[in-house]
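Below are the structure tokens for one structure; questions will follow.
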Protein chains: 2
Amino acid sequence: MSSPETTEAPARRQTRQRTAVLALLEQQDGFRSAQDLHALLRDRGDAVGLATVYRALQALVDDGLLDVLRGDDGEASYRRCSPVHHHHLVCRSCGTTVEVADAPVERWAARVAAEHGFTDVSHQVEVFGTCAACHAAQR
Amino acid sequence: MSSPETTEAPARRQTRQRTAVLALLEQQDGFRSAQDLHALLRDRGDAVGLATVYRALQALVDDGLLDVLRGDDGEASYRRCSPVHHHHLVCRSCGTTVEVADAPVERWAARVAAEHGFTDVSHQVEVFGTCAACHAAQR
DNA sequence: GTGGGCATGAGAACCATTCTCACACATCGG
DNA sequence: CCGATGTGTGAGAATGGTTCTCATGCCCAC
């Protein structure tokens with residue numbers, strides 16, 4: 001308690017591996033699993049250890065640069081995202097993601113929680129569907 | 001269409017183990033992981049194999065008697081739920097869950113998806129917070 | 001340029017979940 | 001009631017995503 005470490009300097013080093021992971025994510029327009037990213041990096045020539053990919057992703061999440069999504073099978077997927085609060089509209093077929101931000105749903109969550117006496121509220125909202133392109137390709 | 005099996009007879013046998021799993025879930029008022037349920041059953045004296053617990057849970061989910069929730073660590077949790085569409089308000093501290101159903105959020109999801117040309121829409125909405133009891137206990 | 005210490009990577013460890021397969025028993029026709 | 005039948009069970013192995021270990025590498029401050 002005597003240490004004045006309010007925010008604790010992150011001291012995050014810039015390495016080839018972390019740069020490669022972030023650069024790759026910048027090019028993706030949907031959620032990608034850690035395993036996928038690892039394979040993509042290897043194919044690309046920027047070989048990075050699997051453990052390092054996980055560490056880099058976790059660091060980026062902590063820094064608020066990525067959003068995480070858990071699939072039905074429990075596998076985590078990551079995506080480069082804007083730092084402001086938002087939710088996702090994800091295509092089940094191709095994985096393309098659209099960020100959506102809407103005040104009504106935020107207010108709804110707050111109201112529902114308040115009605116039941118809950119405090120310190122957070123929420124998790126994801127919408128899944130088939131995007132226009134995939135819907136057209138299907139038939 | 002030639003087979004008159006509209007709902008496909010489940011042919012689900014009633015065994016001591018399945019009865020025990022469902023009975024235990026009836027007594028819980030929050031989400032419980034498969035591992036927890038397995039341990040609880042053993043403590044209770046109704047020993048059931050772990051694999052069987054998983055199978056029973058999966059069967060119950062298929063029958064629409066349970067809802068599943070994925071934790072941040074990817075572990076699945078189950079809860080006895082009403083069969084009508086609803087979402088959850090979960091206490092982070094004690095796990096107590098309240099079912100919430102509200103038309104506005106359903107309409108919101110449908111509208112957002114439609115605006116972006118998405119079809120065949122589903123959504124996943126969970127609200128987390130600290131319930132009144134836990135909030136009072138904390139301070 | 002040099003040193004300290006965080007970052008890396010290969011593989012082991014971990015852990016939830018699923019699979020395998022021989023055996024048990026719920027269900028049903030007789 | 002009884003025996004045939006095939007689904008349900010259970011112990012342990014297998015799977016697969018994620019994390020940990022630890023010796024070595026290299027970024028960064030000085």
Side-chain angles (χ1 to χ4, degrees), chain A residues 3 5 7-25 31-63 65-79 95, chain B residues 5 7-25 28 31-63 65-79 95:
Chain A
S3 348
E5 306 166 358
T7 316
E8 179 70 34
R12 199 137 277 165
R13 287 190 188 171
Q14 184 171 356
T15 64
R16 174 183 66 80
Q17 292 86 345
R18 292 191 181 172
T19 304
V21 169
L22 187 54
L24 177 58
L25 276 163
F31 281 87
R32 294 282 177 268
S33 72
Q35 305 277 347
D36 282 349
L37 292 169
H38 177 236
L40 285 170
L41 284 170
R42 185 193 299 164
D43 293 347
R44 211 195 199 190
D46 284 333
V48 176
L50 180 56
T52 301
V53 172
Y54 277 103
R55 277 184 294 237
L57 289 172
Q58 214 153 48
L60 290 168
V61 170
D62 289 345
D63 290 351
L65 276 70
L66 300 186
D67 272 3
V68 193
L69 214 53
R70 287 271 172 188
D72 287 337
D73 58 354
E75 188 177 18
S77 291
Y78 303 82
R79 180 177 190 271
Chain B
E5 307 165 359
T7 316
E8 177 68 35
R12 201 137 277 167
R13 285 190 190 172
Q14 186 171 354
T15 64
R16 175 183 67 79
Q17 293 85 344
R18 291 191 182 173
T19 303
V21 169
L22 188 54
L24 177 58
L25 277 163
Q28 311 297 315
F31 281 86
R32 295 281 177 269
S33 72
Q35 304 278 347
D36 282 349
L37 293 169
H38 177 236
L40 286 170
L41 284 171
R42 185 192 299 164
D43 293 347
R44 210 195 199 191
D46 283 335
V48 176
L50 180 57
T52 301
V53 172
Y54 277 103
R55 276 185 296 236
L57 289 171
Q58 213 154 47
L60 290 167
V61 170
D62 288 346
D63 289 353
L65 277 69
L66 300 185
D67 271 4
V68 194
L69 213 53
R70 287 271 172 190
D72 287 338
D73 57 355
E75 189 177 17
S77 291
Y78 303 83
R79 178 178 191 271

* Asked: Hey, is the side chain of B/R13 pairing donor to acceptor with the base of C/dT27 inside 3.5 Å?
  ->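 Answer no: no donor N or O sits under 3.5 Å from an acceptor.
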* **C/dA7 OP1/OP2 closer than 4.0 Å to side-chain N/O of A/Q17** =>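 For A/Q17, the contact criterion (side-chain N or O under 4.0 Å from OP1 or OP2 of C/dA7) is not met.
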* Interatomic distance, A/Q14 CD vs D/dA29 P [rounded to whole Å] -> 11 Å
* Measure from CZ on A/R16 to P on C/dT8 and round the result to the nearest Å. =>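 Distance, rounded to whole Å: 9 Å.
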* Asked: Over how many whole Å does the gap from A/D62 atom CG to C/dA7 atom C1' extend?
  -> 16 Å
* **Heavy-atom donor-acceptor pair, B/H38 side chain to B/G49 backbone, under 3.5 Å** =>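 No: the side chain of B/H38 does not pair with the backbone of B/G49.
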* Asked: For A/Y78, which of A/V61, A/D67, A/L65 qualifies under side chain to side chain contact (heavy atoms under 4.5 Å, CB included)?
  -> A/V61
* Step through the shown structure and confirm whether more than 12 heavy atoms of other residues, nucleotides or ligands are within 6.0 Å of CG on A/D72. =>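 Open.
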* **Listed partners of A/R32 passing salt bridge (Lys or Arg N to Asp or Glu O under 4.0 Å), at least two apart** =>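 Partners of A/R32 by the salt bridge (Lys or Arg N to Asp or Glu O under 4.0 Å) criterion come out as none, since no residue qualifies.
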* **Whole-Å gap separating P (D/dT19) and CG (B/D72)** =>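 Interatomic distance, CG of B/D72 to P of D/dT19: 12 Å.
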* Asked: Does atom CZ of A/R42 have more than 12 heavy-atom neighbours from other groups under 6.0 Å away?
  ->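 Open.
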* Check whether any side-chain N or O of B/T15 sits under 4.0 Å from OP1 or OP2 of D/dT9, and answer yes or no. => yes
* To do: Check whether any side-chain nitrogen or oxygen of A/R12 sits under 4.0 Å from OP1 or OP2 of C/dG5, and answer yes or no.
  => no
Each nucleotide N or O in nucleotides 15-19 of chain C that has a protein N or O under 3.5 Å away: list the pair and distance.
| residue | atom | partner | partner atom | Å |
| --- | --- | --- | --- | --- |
| C/dT17 | OP1 | B/A76 | N | 2.8 |
| C/dT17 | OP2 | B/Y54 | OH | 2.4 |
| C/dT17 | O5' | B/Y54 | OH | 3.3 |
| C/dT18 | OP1 | B/Q58 | NE2 | 3.4 |

* Structure fact -> From NE2 of A/H38 across to C1' of D/dT19 the rounded distance in Å is 15 Å
* How about B/Q35 and B/L50: do any of their side-chain heavy atoms sit closer than 4.5 Å? -> yes
* Just wondering, do A/Q17 and A/R55 contact through their side chains at under 4.5 Å, heavy atoms? -> no
* To do: Look at the side-chain N and O atoms of B/R18 and state whether any lies under 4.0 Å from the OP1 or OP2 oxygen of D/dT9.
  => yes
* Using a cut-off of less than 4.0 Å, is there contact between a side-chain N or O of A/T52 and OP1 or OP2 of C/dG9? -> yes
